[in-house]
S.K.: 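Supplied in structure tokens, the structure appears directly below.
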2 protein chains.
Amino acid sequence: MDRVRIFSDYLERKGLKTTNQRNVILKAFLNSRSHCSTEDLYLKLRKKHPRIGYATVHRTLKLLAESGIAIEQHFGDGQARFEPARADGHHDHMVCIKCGLIIEFEEPQIEELQKQVAEVHHFKISNHRHELYGFCFRCADK
Amino acid sequence: MDRVRIFSDYLERKGLKTTNQRNVILKAFLNSRSHCSTEDLYLKLRKKHPRIGYATVHRTLKLLAESGIAIEQHFGDGQARFEPARADGHHDHMVCIKCGLIIEFEEPQIEELQKQVAEVHHFKISNHRHELYGFCFRCADK
DNA sequence: TTAGATATTGAAACTGGTTTTCAATATCTT
DNA sequence: AAGATATTGAAAACCAGTTTCAATATCTAA
Ligand SMILES: [Mn+2]
Ligand SMILES: [Mn+2]
Ligand SMILES: [Zn+2]
Ligand SMILES: [Zn+2]
């Protein structure tokens, strides 16, 4: 289903209202490069919509995360980043600690193993974070 | 080698000084329950050493992390937690999002797979985080 | 041992991303 | 169209963490 629809359904279910700002922010978010911070998106929006406030951008990103359209990431630099959830499912990240490059990866065997480990401890996983920090191909050989 | 010695060697190597506060904080940290925040350790210390300041506790925990004696963790509640590094090596965590219980796990196969994934992308891992969030055995069945 | 150089300390101020407040405005329901 | 309710943007508050600074402690070299 269309993500615009998913969002308006979510809003209705929660007794919230559809507004112009929310629509504009949703569209800009979906077209944005991945892993953008509130600040990133706010600055990008400001060009065409100078009256939208930072607080509204951040509130809307939180709503998008709650509705499942956005995934909130924390890569250790102290600011939240958001990326559109993918239809093709979950992925994890490698983060270059020199240049900031983010590489995405999927490894079904790891997912399976972590599921097994959780079962051993009678732990019910609701989500997880798996991040590799280090040097990308470009930064590795200095 | 004794961790007290490791720390004083580290301080000397960096041109820093051995002080009473640093010794007291190191000992309290090593005896503390794992995964304690600066606040946790500060409050614990205050009973016997009411003149030690919060800033000194936090500065010392950072030094302990730099020297390899402590590992700094972030479990998504916005505050850093520290645990003594183990002689028996690395481990990862499951965090109960209801009661806060932290379960530690080691899974060499996952470590090996993540190493392989990194190699495919010519990425040189310097450290990683792998955390499972969900419900512990006690909280799972409500 | 002592004097000078240097680092540390604790309290308080500051930082920066995030969250909340609040009065004005927009949306929704009848 | 009017009343009820939610949203908005600017500014203030929040809060873990970090920095500042004058007083104090540690270290080094006579
Ligand atoms: Mn991603
Ligand atoms: Mn641990
Ligand atoms: Zn890089
Ligand atoms: Zn629990």
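Below, chain A is the first sequence line, B the second, and so on; all start at residue 1.
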S.K.: What are the two closest heavy atoms between A:Phe75 and A:His35, and how far apart are they?
M.R.: CE1-CD2, 4.2 Å
S.K.: Taking only heavy atoms on the protein side, list every residue of residues 47-55 of chain B lying under 4.0 Å from any atom of DNA chain D, sorted numerically.
M.R.: B:Tyr54, B:Ala55
S.K.: Which ring pair (Phe, Tyr, Trp, His ring centres under 6.0 Å) pairs, counting each pair once, include a residue from residues 48-72 of chain B, with sequence neighbours left out?
M.R.: B:Tyr42-B:Tyr54
S.K.: Does the distance from a Lys or Arg side-chain N to an Asp or Glu carboxylate O, for B:Arg86 and B:Glu106, drop under 4.0 Å?
M.R.: no
S.K.: How close do A:Gln114 and A:Ile125 get, counting heavy atoms only, and between which atoms?
M.R.: O-CD1, 3.9 Å
S.K.: When you measure from every atom of DNA chain C, which of residues 14-39 of chain A have a heavy atom less than 4.0 Å away?
M.R.: A:Lys17, A:Thr18
S.K.: So which of B:Arg81, B:Glu83, B:His130 actually passes side-chain hydrogen bond (donor to acceptor under 3.5 Å, both in side chains) with B:His93?
M.R.: B:Glu83
S.K.: Looking only at heavy atoms, what is the nearest atom pair of B:Glu107 and A:Val117, with distance?
M.R.: OE1-CG2, 3.8 Å
S.K.: Give the minimum heavy-atom separation between A:Gly68 and A:Ala85, together with the two atoms involved.
M.R.: O-CB, 3.4 Å
S.K.: Between CG of B:Asp40 and CD of B:Gln79, what distance do you get to the nearest 0.5 Å?
M.R.: 6.5 Å
S.K.: Reading DNA chain C in the 5' to 3' direction, which nucleotide is the first one with an atom under 4.0 Å from a heavy atom of chain A, and which is the last?
M.R.: C:dG17 to C:dC28
S.K.: Return the minimal non-hydrogen interatomic distance between A:Ser32 and A:Lys44, and the atom names on each side.
M.R.: CA-NZ, 3.4 Å
S.K.: Could you state the interatomic distance from CD (B:Gln73) to CZ (B:Phe82), rounded to the nearest 0.5 Å?
M.R.: 10.0 Å
S.K.: side-chain hydrogen bond (donor to acceptor under 3.5 Å, both in side chains) with A:Arg129: which residues, sequence neighbours excluded?
M.R.: A:Glu131, B:Glu131
S.K.: Can you tell me if A:Lys124 has over 12 outside heavy atoms packed within less than 6.0 Å of its NZ?
M.R.: no
S.K.: Please list, by residue number, the residues of residues 60-84 of chain A whose heavy atoms come closer than 4.0 Å to an atom of DNA chain C; answer none if no residue qualifies.
M.R.: A:Lys62, A:Gly78, A:Gln79, A:Ala80
